[in-house]
Amino acid sequence: MFDIEVGSALVMGLILGGVILISAWLIWLERRLLGVWQDRLGPNRVGPLGLGQVIADMFKIFTKEDWVPPFADKLVFMVAPPIIMICILLSFAVIPIAPNVGIIDLNIGLLWILAMASLAAYSVMLGGLASNNKYALLGSLRAAAQMVSYEVFMGISLLGVVMLSGTFNLREIVESQRDGWYILPQFFAFIVFAIASVAESHRLPFDLPEAEQEIVAGFHTEYSGMKFGMFFVGEYIGVLLASALMTVLFFGGWLPPFGIGPEDSIVAGIFWMLLKTMVFVCFFVLMRAAIPRPRYDQLMSYGWLVLLPLSLINLLITGAVILFQGA
Amino acid sequence: MMLLFYTAAAVAILATLMVITRTNVVHALLYFIVSLIAVAVVFYTLGATFAAALEVIVYAGAIMVLFLFVMMMLNLGQSTQEQEKVWLKPRLWLGPCLLSLPLLVELVWMIRQAPDANAAHSIIEARDIGAALFGPYVLAVELASLLLLAGLVAANHLARREDRS
Amino acid sequence: MADGMSEKVSITIDNQAIEVDPDKNLLEEVLSAGLDLPYFCWHPSMDSVGSCRQCAMTEYADEEDQHGRLIMACMSSPRDGARYSLQAAADFRAEIIEGMMISHPHDCAVCEEGGECHLQDMTVMSGHTYRRYDGTKVTHRNQNLGPFIGHEMNRCITCYRCVRFYRDYAGGTDLGAQASHHHVYFGRYDDGPLESEFSGNLAEVCPTGVFTDKVFSKHYSRKWDLQTSPSICAGCSIGCNINPGERYGTLRRVVNRYNDEVNGYFICDRGRFGTGYVNDDAVRIRQSMTRSSQDADPVLVSNADALQQLQDMSGAIGIGSPRASMEANFALREKVGKANFYAGLSQQEFAILQQILSIYQDTPAHIASLKDVEASDAVLILGEDLTNTAARMALAVRQSVRHRSFEKAAEQKIPLWHDAAVRKLAMDERSPLYILSPHATRLDDVSETTHICNAGQAARIAAAVASRFDKEVLAPEKLDKAEQALVKRITASFKGARQPLIIAGSNSMSLPLVQSAANLAQALYQKNELTQLALVGSEANGLGLMLLMEDSQQDLQQAFATGTQSAIVVENDLYRRAPTAEVDHFIAGLEQLAVIDNIKTRTGEQAHLVCASATFAESSGTFVNYEGRAQHYYATFKPVDSILPATRWLAPETSLATLTQACSQTLANCAGMADLTPGQDYHYAGLLVPRQQFRYSGRTAMRANKNVHEPKQEQDPDGIMSYSMEGVSPLKEARVFNTPWAPGWNSNQSVFKFQDEVGGHLKQSSIGVRLLDKRNSAEEGGYIALDSSEKNTAFPLYHLFGSEELSAQSQAIQARATSAYVAMNPADADRLGFNAGGGVTVQGNGVVPLLLRDSIATGSVGISVGLPGLNVHDVLPDVSLEPAPQWQAPPQWQPDNIIVSDRLHKLHEQEGD
Amino acid sequence: MLKPVWEQVKVLWSQVRTLGMVLAHTFSKKDTVEYPDTEPYMFPRWRGRIILSRDPDGEERCVACNLCAVACPVDCIALQKTEDEEGRWYPEFFRINFSRCIMCGFCEEACPTHAIQLTPDFEMAEYERQDMVWEKEHLLINGTGKYQDYNYYRVAGKSIGGKDKGEAQNEQPPVDRRSLLP
């Protein structure tokens, strides 16, 4: 029998491979869902339900000319795209999938994710800067400001969860939700985190770094071929990561809702984890389908003037409540 | 664990050397980030996991991003690289180097004197840090937070648009 | 037309203060100020009659006046300090144009004027956009007005511009206004070709599509689709500025290009309709050919081979041409060396042209431009049949006789722009115009006296007049009573004239005439420093060729005498320049004859090497006109690859600009040529001058039938113009100015936007450089001794349509041309035993018809020039004719209306009866 | 104090409502069809393949006025005017380079005779670009297209074969210019 436990090579391979596959498949899912919500059909020609579209797209992206502009800073230009892939994939290391399924149980798991998220910002910034293109520069400037700003409240909003569970370890956070998911006590933290994670993964409506109506394609204007592909897939892995995090932090991770079915079965755990994550992925897509992009100053003032106070108040109240209960 | 420590330490030193010898500011910054991450690894191997995470989040993830942010605005070009090259001439750095050499020797000597502590065995939890910060060091923390608040207010004041009447 | 500049006065138009000239009418000044005011009947050359009511403005009595009153701007003099408004009269103008448009047909799509229609522009400008009238429209039947002008009377808005130009300005008689009220009709009495030599201008003068260019209509393209460039007419020595238009690789039409010093707003029909040869495959040489011997069939050769053969012809003599550009002639001169360069002109023509050049260099009198001709108030024409040899000058002379009417109007304080009043006032009173000619001319209707006499007698009369001004000139003998009376009258007229003008020219083929014209001008100059002299030259560049000869005597007869083995002839048919036998002998003696030409000629048919050269429309270069004005013309379109400009055949490595510069540096009198163009490296903000308008259509489809992949835009190695629509608009920078267009002004009327004032200089573009304009009054040449050896038995008869080599090859011109003939006075015919209506055998030229006319000087024979069937050089100076009683006139031979002045003369005879 | 909070709640609610409305589209009918399998209905004024029509008398409507060519923003129309013996204008050639055409319909708007019309046919793909160049014989159809009754020459004043002066709509018979009667 295979060795199913945290950190085994098999689990590691399955998780990372699965993440990349699912992310790639998310491209198809997103296009189909957008089609559904915009009264269109979406890609349905390649393979059953159009599932082969992703493969076709990958073939296309692999066979495209991998071009480096002569005016670019070549070293940085090449280094930038893998950073986002690596950082986000590394984040997955600490995500608990199910009981005993995961890559590592890090005692600073949540901090690890924040650290990786802050490093991921470099990918976008360096990519834009190295392109030596004014639109790319504008895009990466926006990305930098946006990511640095929203990282702040993302971190603060998570502290409520940390205070409630008393740990940074994600597996322990899930375990501590057996009595009730944190979505109820930490509702505002969830709102802030959800919004901040959209901004962190610069997805619509917060895709200002690549707002094509304004700045061509933002930071990846000059990218093509697989390098562009890494940015592209990186974004979807980011979506998956954000969804998985919401699940783990606020919706009980692999724990079944309302105590349906077995509590500590690996299969059921994986099922619930995936299901919950997919709901959030769909929510991401729905936001893209429905909400228009704000102006840049609106984005910044919303973050600093609404989300920051909100997360601070949430932290204050949570702390007060814990103090009160503890007393 | 020792292997990891020495590797990370070596990377940190090499990367830092690269930082000061690069003429292209962006490249220097990249090496600086690498150096910071290597230092974080060093922290980790020494058991200070929380410090390691903060090192990455705060220094590598936030402060360096701001550095880069400013650099993007500066429109550095070929001329700054030329300037940097000029500054890298030996007669410019040789003097300071010679002067700081005794300091290095002193440092090494002092480290050699210290007891050989294998800190990796005593992992410092976040809880310990919190307890330390709000226990013995609470005054320092409050002073620092006051300072930060003052900075925040000042920044807000400076960045305020004048014509909002 | 006002003499001198008067004080400017200040007026206010819609609160905008402008300075205006009180001697001009308000419309002119409003337009000069750059404002837009619609008009129809007014024309800058024909002034105001106030018939269309379109240029209404509101004039306010004083500052308090709120309502004002309507005035017609073209009929009002600006009042100092007055307040006017264009806006306030806008409704009135809209109503007026609505009335004009009531019967206007729904024709714009099938109208040749569409897109450059003054009526369209004015309708849009006046704001009449919707037709409220739903009643029936008045219609008219059209007339066939001959090969040049189409007629579509329905489109008329009765502005009367056509008859005012045709009758009042150009002296035509066969176009008039007929019927009354809303039936007014402009046409001839019956169908038939318009007789005036300037009928083509009707297409430009008519503000709508009543009179259109019929030749253009056959291969019609809209104005915006024509690729145009500034060009110079190659039809005669006047050098009118023209604007040829090309589409799909063929030359479509020629229109006037404004140059106030030369042609102003009008050109003659030869210039306008005489360019069909450019497109005619039967006429053009499109591929270079070689022949092994003079009788062998030609073999096509590549350009490279032909260039190599030209290169190999060392020691050849070069024969230049008066119809080739300065640069082409200069390139030939450089190639063969100055000593081997011969002007392609007969001895006689060469001598006269050389005389003209030396007169121009010595005479103290001013060399008259056409503007000066119009400004002259006493004119003497010596022997030159202007209407047929330099038609545009004849039109200018026709305006000069109006000075009397201006004087009378000034006495009566009538503004000079008040055209109808000024003409009515003068009735038939005119400034003096004297014509001494061996035959009746077309200008006789405005001349004080047309004296029919041969060239020798005319020279003597001129000498007699000169002797009355300066005793140094010997008074000739042999003047009869009538002639002495004439001399007295001319003298009196010249004495009373402010600006007298003497016109002669090389086309009369009489050296003494030119000499005595120069003597007269010099004598007159002692009394009047405004004395003008105009000596009409041969062909487009006759005078320019003389500048290249630099006092050497190398005419065609000299070339024949060299006994050379090889010769290069550039754009010249020797059979039109010298007696047939001499040319035959010369060509037979050649081992190698290279002809570079754009049309097939008799010389070319015998050449060993024929190189296809470009016409004026396909190449750039410089022509020097009769007054020594060098003018640059730019290629309108790129010829097919096998055709090269003559300069490229002769100097393949040298750019045209380099040749022009070399010309200006090498030749004594040509220094001014360096300034003709803005320079080879000219650009405006990095842009060249576009040949195509910005609306040019079909770029991606016009060649798509051959290859859907569009070729690279054609480059012009010679010029500062591009073969595309990219470039700087003439409104911004018109250093090289082709098609006038301004926002709201799509028709040719838009040219006023490019003038410093209406009818003034063009703001930026070149009007040419007068090369001989360096007066050294210190040393005046003495009087010239008249050449008395000349016999005066024969004189040349020119035809505007047919006598010029190139235009005669155009189908439109051929429709109005005739074949060769000989003309004499019936009295002489009786004496010599020639039958009326019969033929004559001309030495070496077979039988040609004989015309008998009372209007021909007795003792002389008129020989048609340039018409097929007769080489005038075989006949001059010694004519020998024999009756050919057996000759039967071919059915197409129509002896009526052959000499252009015939009809006029008949009218005079009828009046006499 | 509460007002800005209330504003923020309203803003958030507006976003949530938007999400809900878009989510509701999950159950609405699709507007698109699977084209090669299902032929969509093309509206008559669809701007597809360009044709040249004939007037109700069966003659070519195009009078070669060049307005379509000048209106064309990509300059893909080239033509040359010629006329028959009786004065009727028609194009000697009429060429559209469809590989350049952007189907903007400006030519149809510019046409004073309703000759050039855009049709619902859009299936114009070719393997050779050269085959996208269409001449008059390819463009001309045997019908009036969208505008059934219009005949330009019946409105215009120019006389052509079969229509003399004064025979167009709203025209009086030609004036006798030698008569002075009113």
Side-chain angles (χ1 to χ4, degrees), chain C residues 103-112 114-115 133-143 150 152-155 177-187 189 209 217-225 247-248 693 695-710 725, chain D residues 63-72 74-83 87-89 92-93 95-101 111-113 128-135 152-153 155-160 164-182:
Chain C
S103 281
H104 196 75
H106 189 60
D107 262 5
C108 293
V110 289
C111 176
E112 291 89 343
Y133 173 76
D134 57 0
T136 53
K137 296 178 181 178
V138 176
T139 61
H140 298 275
R141 290 215 179 276
N142 301 328
Q143 287 180 326
E152 189 63 47
M153 192 50 213
N154 279 359
R155 298 168 186 159
Q178 301 159 36
S180 62
H181 51 90
H182 61 298
H183 290 174
V184 170
Y185 188 93
F186 296 94
Y189 184 75
S217 180
K218 287 203 182 83
H219 308 282
Y220 180 72
S221 272
R222 296 281 171 202
K223 177 188 183 185
W224 61 69
D225 279 345
R247 179 78 176 168
Y248 300 128
Q693 278 194 296
R695 285 177 181 155
Y696 195 80
S697 78
R699 276 179 309 128
T700 63
M702 52 199 298
R703 295 180 203 84
N705 55 333
K706 298 197 182 74
N707 188 352
V708 73
H709 303 283
E710 286 133 33
M725 57 213 272
Chain D
V63 298
C65 73
N66 259 303
L67 288 184
C68 50
V70 74
C72 180
V74 291
D75 283 354
C76 74
I77 304 178
L79 66 154
Q80 172 59 50
K81 172 253 172 184
T82 187
E83 63 181 72
R88 186 189 176 99
W89 285 30
E92 183 182 334
F93 68 82
R95 186 180 307 131
I96 299 182
N97 180 355
F98 276 113
S99 73
R100 285 284 191 186
C101 179
C111 184
T113 69
E128 291 291 326
R129 200 176 150 203
Q130 189 66 51
D131 296 339
M132 303 285 281
V133 178
W134 288 39
E135 297 288 343
Y152 174 74
Y153 277 111
V155 185
K158 199 173 165 66
S159 70
I160 53 158
D164 199 2
K165 276 281 152 65
E167 291 177 1
Q169 289 168 19
N170 278 353
E171 277 192 351
Q172 296 165 15
V175 166
D176 175 6
R177 63 191 157 98
R178 305 232 159 109
S179 156
L180 286 178
L181 292 174

Could you pull out the closest heavy-atom pair between [X] and [Y], with the gap in Å?
X        : Y        : result
D:Trp89  : C:Arg222 : CZ3-NH2, 4.1 Å
D:Val74  : C:Thr700 : O-OG1, 3.0 Å
D:Gln130 : C:Val708 : OE1-N, 2.8 Å
C:Ala109 : D:Cys65  : O-CB, 3.1 Å
C:Asp107 : D:Ala156 : OD1-CB, 3.3 Å

Taking 4.0 angstrom as the limit, do D:Glu83 and C:Lys218 come out as a salt bridge?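 Looking at C:Lys218 together with D:Glu83, the answer is no, because their closest N to O distance does not fall below 4.0 Å.
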Which one wins on heavy-atom pair count under 4.5 Å against chain D: [options]?
options                                : result
C:Ala179, C:Ala704, C:Pro105           : C:Ala704
C:His219, C:Arg703, C:Glu710           : C:Glu710
C:Asn154, C:Asp134, C:Val138, C:Val110 : C:Val110
C:Ser217, C:Cys108, C:Gly115           : C:Ser217

Can you tell which part of [X] gets under 4.5 Å to a heavy atom of chain D, answering side chain, backbone, both or neither?
X        : answer
C:Glu112 : both
C:His140 : both
C:Ser103 : neither
C:Tyr248 : side chain
C:Tyr220 : both

Show your reasoning for whether side chain to side chain contact (heavy atoms under 4.5 Å, CB included) applies to C:Tyr696 and D:Val70. CA-CA 7 Å; C:Tyr696 195 80; D:Val70 74; over 6 Å; no
Can you tell me how far [atom2] of [Y] sits from [atom1] of [X], rounded to the nearest 0.5 angstrom?
X        : Y        : atom1 : atom2 : value
C:Thr139 : D:Lys158 : OG1   : NZ    : 14.5 Å
D:Asn66  : C:Asp225 : CG    : CG    : 4.5 Å
D:Ser159 : C:Glu152 : OG    : CD    : 6.5 Å

In terms of heavy-atom proximity below 4.5 Å to chain C, should [X] be classed as side chain, backbone, both, or neither?
X        : answer
D:Asp164 : side chain
D:Glu135 : side chain
D:Cys76  : both

Backbone N/O of C:Ser697 and side chain of D:Asp75: donor-acceptor pair under 3.5 Å: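 No; zero donor-acceptor contacts below 3.5 Å.
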Take C:Asn705 and D:Phe93 through the test side chain to side chain contact (heavy atoms under 4.5 Å, CB included) and record every step on the way to the result. CA-CA 11 Å; C:Asn705 55 333; D:Phe93 68 82; over 6 Å; no
A side-chain contact here means heavy atoms from C-beta on lying under 4.5 Å apart; do [X] and [Y] qualify?
X        : Y        : value
C:Met702 : D:Leu79  : no
C:Arg141 : D:Val175 : no
C:Asn142 : D:Lys165 : yes

Counting heavy-atom pairs under 4.5 Å to chain C, which of D:Arg129, D:Glu171, D:Arg95, D:Gln80 comes out on top?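 Highest number of heavy-atom pairs under 4.5 Å: D:Arg95.
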Contact list for residues 172-182 of chain D, test side-chain hydrogen bond (donor to acceptor under 3.5 Å, both in side chains), sequence neighbours left out: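 For residues 172-182 of chain D: C:Thr136-D:Gln172, C:Gln178-D:Arg177.
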